[in-house]
Amino acid sequence: MVRHLPPYFLAALALSLSNACAFTTPNHHGSISSQKRSMALSVKRQPIMMPTQEPMVPYRAPGSAYDQFIGLQSRQLRDRKLWIARYIDEEASNSIISSLLYLQSESDKEDIKLYLNIPGANLRPALAIYDAVSELKADGCKIATTNIALCAGMGALLAGAGTKGMRYSLPNARYLLQKTGMDQVFQGQASDIALEVRNVKKWNEKINGEISKVTGQSMERIDQDLKRDFYLSSEEAVRYGLIDEVLLPMPNKRQPASGFVDLGSFQSGEEQKYQGENPPEQQQQQQEPGNKGMMRTNDDDDDPKIAKA
């Protein structure tokens with residue numbers, strides 16, 4: 001016996017199939033389905049980002065015939081140059097102190113150059129670096145410091161901790177001397193907070209003593225200056241005793257306005273020779289009377305006339 005489905009059931013089935021096909025297959029005009037359209041609209045173009053890895057530079061090790069690419073900071077560390085351009089916390093302090101000890105183990109007679117751009121520092125990690133620099137100086141290692149932008153807080157003390165006569169600054173660099181506070185938020189009972197505040201005050205007095213030792217200023221003046229943020233330009237830092245010298249650009253190499261103008265000033269001690277001046281021995285032989293035919297007289301209209309051999 002054959003059983004026939006009701007007409008309303010067949011109509012509902014056909015309607016459901018037509019709706020499903022309308023959203024899963026493209027129509028005859030070639031337009032995409034609504035599902036694909038929603039997926040296409042959800043795609044976003046990623047912004048172009050600059051590379052964040054350390055630049056690589058070529059380096060040839062002593063005795064090697066080939067160059068190899070190493071990190072820029074590692075390359076400068078081989079020249080005994082250490083860049084401190086970050087906020088000094090525990091991690092930065094460990095890295096800097098280990099680099100200083102490595103350079104001392106390599107040679108305690110050669111200078112170490114520190115280039116500083118320190119926007120701030122925690123008290124205890126910065127004091128650890130200060131103690132390491134003082135220890136290296138006590139062992140006879142000379143340390144040169146150069147402020148390239150800003151040395152704030154404990155960074156200013158580190159800039160003045162270098163060897164006397166080797167503390168430099170760029171013309172537009174600045175210094176900020178200020179009292180230090182707690183490294184992080186301190187919570188607890190009132191008595192515990194009072195102990196922490198007393199400890200911070202004690203360390204501020206100790207740091208003022210170190211600044212007085214570095215600059216040669218009296219403790220009374222240091223206490224008076226550090227009641228508020230104390231900014232110094234590079235010239236003011238020299239007068240204050242925090243550094244020794246400002247690195248100014250070299251004088252302009254252009255010749256002054258006069259009747260005589262040469263081709264410029266050169267730093268090299270070797271004698272500079274120009275085209276057409278002091279010709280080599282081969283050209284002198286070609287200019288002899290017997291070799292006049294060997295000289296070509298073509299010239300490309302430069303003045304004065306310079307013959308091309």
Side-chain angles (χ1 to χ4, degrees), residues 52-57 59 70-170 173-184 200 203-204 206-211 213-215 232 234 237 242-245 247:
T52 58
Q53 297 181 353
E54 182 181 5
M56 306 296 289
V57 295
Y59 171 73
I70 62 175
L72 180 60
Q73 294 183 359
S74 300
R75 178 65 184 90
Q76 292 180 332
L77 195 63
R78 295 176 184 269
D79 294 333
R80 304 181 69 81
K81 298 177 181 178
L82 180 61
W83 285 78
I84 306 177
R86 56 181 298 186
Y87 185 90
I88 296 179
D89 52 9
E90 286 77 6
E91 181 181 357
S93 176
N94 295 335
S95 176
I96 294 168
I97 293 175
S98 61
S99 299
L100 291 174
L101 295 178
Y102 168 75
L103 293 177
Q104 184 194 28
S105 64
E106 287 288 315
S107 174
D108 57 355
K109 304 298 182 182
E110 300 181 13
D111 300 345
I112 298 177
K113 300 179 179 62
L114 303 181
Y115 295 91
L116 310 176
N117 183 14
I118 305 174
N122 292 342
L123 175 62
R124 294 170 181 82
L127 282 176
I129 299 176
Y130 178 79
D131 292 338
V133 171
S134 302
E135 184 67 22
L136 264 62
K137 291 194 303 179
D139 293 341
C141 184
K142 295 183 179 181
I143 298 179
T145 59
T146 303
N147 180 11
I148 62 175
L150 172 67
C151 287
M154 292 298 296
L157 178 60
L158 294 178
T163 304
K164 291 292 183 66
M166 302 176 65
R167 302 174 300 178
Y168 309 112
S169 172
L170 296 185
R174 294 183 63 83
Y175 298 84
L176 171 59
L177 294 173
Q178 58 183 181
K179 291 185 178 181
T180 60
M182 292 182 290
D183 295 342
Q184 56 187 355
V200 171
W203 278 106
N204 275 317
K206 178 177 177 58
I207 292 173
N208 290 352
E210 295 297 330
I211 295 176
K213 184 189 306 183
V214 167
T215 60
L232 293 171
S234 54
L242 188 60
I243 60 173
D244 303 305
E245 185 179 351
L247 301 178

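Computed over heavy atoms, backbone and side chain alike; hydrogens, waters and symmetry mates excluded. The residues of the chain are indexed from 1 along the displayed sequence.
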Would you say the side chain of [Y] lies within less than 4.5 Å of the side chain of [X], judging by non-hydrogen atoms?
X	Y	value
Leu100	Leu136	yes
Ile143	Lys113	no
Arg174	Leu232	no
Leu177	Leu157	no
Ile118	Tyr87	no

Give me the atom names and distance for the closest heavy-atom approach of [X] to [Y].
X	Y	answer
Leu72	Glu54	N-OE2, 3.1 Å
Ile96	Ile129	CD1-CD1, 3.7 Å
Arg80	Leu103	NH1-O, 3.0 Å
Ile207	Met154	CD1-SD, 3.6 Å
Ala159	Thr145	O-OG1, 2.8 Å
Ser234	Ser169	CB-OG, 3.5 Å

**Study point:** From CA spacing to verdict: side-chain contact (heavy atoms from CB on, under 4.5 Å), Ile97, Asp131
**Key:** CA-CA 10 Å; Ile97 293 175; Asp131 292 338; over 6 Å; no

To the closest 0.5 Å, what do you measure between [atom1] ([X]) and [atom2] ([Y])?
X	Y	atom1	atom2	answer
Ile70	Arg75	CD1	CZ	6.0 Å
Asn204	Lys179	CG	NZ	6.0 Å
Asn147	Leu242	CG	CG	9.0 Å
Tyr102	Leu77	OH	CG	6.5 Å
Ile112	Thr163	CD1	OG1	9.0 Å
Ile148	Leu114	CD1	CG	11.5 Å

Is the backbone N or O of [Y] less than 3.5 Å from a side-chain atom of [X], with the two atoms forming a donor-acceptor pair by type?
X	Y	answer
Asn117	Ala85	no
Arg167	Gly162	no
Asp89	Ala92	yes
Ser93	Glu90	no

**Study point:** Set of residues satisfying side-chain hydrogen bond (donor to acceptor under 3.5 Å, both in side chains) with respect to Tyr130, sequence neighbours excluded
**Key:**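 For Tyr130 the side-chain hydrogen bond (donor to acceptor under 3.5 Å, both in side chains) partners, ignoring immediate neighbours, are Glu210.
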
Review point. Where do Asp111 and Lys142 land on the salt bridge (Lys or Arg N to Asp or Glu O under 4.0 Å) test, with the steps shown first?
Key: CA-CA 5 Å; Asp111 300 345; Lys142 295 183 179 181; 5.5 Å; no

Exercise for review: Return yes if a side-chain donor-acceptor contact under 3.5 Å exists between Trp83 and Gln73, otherwise no.
Suggested key: no

Check your understanding: Between Trp203 and Leu123, is a side-chain contact (heavy atoms from CB on, under 4.5 Å) present by the stated rule, with each step listed?
Key -> CA-CA 9 Å; Trp203 278 106; Leu123 175 62; 3.8 Å; yes

